[in-house]
Amino acid sequence: QRQMCIRDRVKSILYLGSLVRYFIEVFGQTIPREVLVDEDRRIKGVREGDEVGVVLDEDDVRLFPPDQKDQLQKESS
């Protein structure tokens with residue numbers, strides 16, 4: 001299974017009823033781009049301006065605060 005992790009900052013958060021959309025600014029140091037991440041719930045500890053990691057793999061995409069990376073890897077195992 002292939003995985004990739006992108007790390008950067010949460011630009012903004014939009015609450016859409018049963019959906020939470022995170023706007024993540026990636027590659028901000030070079031050519032800023034925005035990645036949208038939709039979650040079915042608010043991710044505890046993630047706020048606008050926070051550094052986050054976005055894990056992309058063949059089956060799923062997950063958003064997590066940097067201090068939870070080890071926990072995420074354990075859940076994936």
Side-chain angles (χ1 to χ4, degrees):
Q1 184 176 16
R2 295 180 56 198
Q3 264 190 356
M4 181 177 127
C5 182
I6 299 171
R7 292 185 173 278
D8 227 306
R9 299 213 177 272
V10 177
K11 185 175 177 181
S12 60
I13 302 171
L14 183 62
Y15 299 96
L16 303 166
S18 63
L19 183 73
V20 181
R21 178 165 291 155
Y22 293 87
F23 296 83
I24 313 298
E25 185 176 73
V26 296
F27 311 119
Q29 303 273 325
T30 54
I31 302 170
R33 297 284 186 244
E34 204 169 76
V35 173
L36 305 181
V37 178
D38 290 339
E39 291 285 345
D40 60 359
R41 61 182 172 81
R42 184 170 185 230
I43 305 300
K44 185 177 179 180
V46 174
R47 291 177 286 220
E48 291 180 359
D50 285 353
E51 180 182 325
V52 294
V54 179
V55 174
L56 308 167
D57 66 34
E58 295 172 343
D59 300 323
D60 201 6
V61 177
R62 296 184 184 183
L63 176 72
F64 61 93
D67 61 336
Q68 290 183 1
K69 184 177 181 188
D70 293 335
Q71 178 184 349
L72 178 67
Q73 288 174 336
K74 289 175 189 173
E75 289 175 6
S76 299
S77 301

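Please read these numbers as outputs of a predicted model, since none were measured by experiment. For the numbers below, each heavy atom of this structure counts, side chains included, while hydrogens, waters and symmetry mates do not.
Applying the side chain to side chain donor-acceptor pair (under 3.5 Å) rule to Arg47 yields no partners; only residues at least two apart in sequence or on another chain are considered. Considering only residues two or more places apart in sequence or on other chains, Glu48 meets the side chain to side chain donor-acceptor pair (under 3.5 Å) condition with none of them. For Asp38, the side chain to side chain donor-acceptor pair (under 3.5 Å) partners at least two apart in sequence or on another chain are Arg21.
Ile13 and Val37 fall within a single hydrophobic cluster, where Ile, Leu, Val, Met, Phe, Trp and Tyr are joined by side-chain heavy atoms under 4.5 Å apart, directly or via other members. Put simply, Leu36 and Ile6 are part of two different groups of oily side chains (I, L, V, M, F, W, Y) that touch within less than 4.5 Å, one to the next. Neither Val35 nor Leu16 shares a network with the other; the hydrophobic side chains, linked directly or stepwise wherever heavy atoms of I, L, V, M, F, W or Y lie under 4.5 Å apart, form separate groups for each. Side-chain heavy atoms closer than 4.5 Å link hydrophobic residues (I, L, V, M, F, W, Y) into clusters, and following such links, possibly through other members, connects Leu14 to Leu19. Clustering ILVMFWY residues whenever any of their side-chain heavy atoms sit less than 4.5 angstrom apart, transitively, puts Val52 in a cluster other than the one holding Phe23.
Residue pairs meeting the salt bridge (Lys or Arg N to Asp or Glu O under 4.0 Å) criterion with at least one member in residues 9-18, sequence neighbours excluded, are Lys11-Glu34.
Shown here for Cys5 and Gly53, the closest heavy-atom pair between the two residues is SG-CA, 4.3 Å.
In this structure the side chain of Tyr22 reaches within 4.5 angstrom of the side chain of Ile43, judged on heavy atoms.
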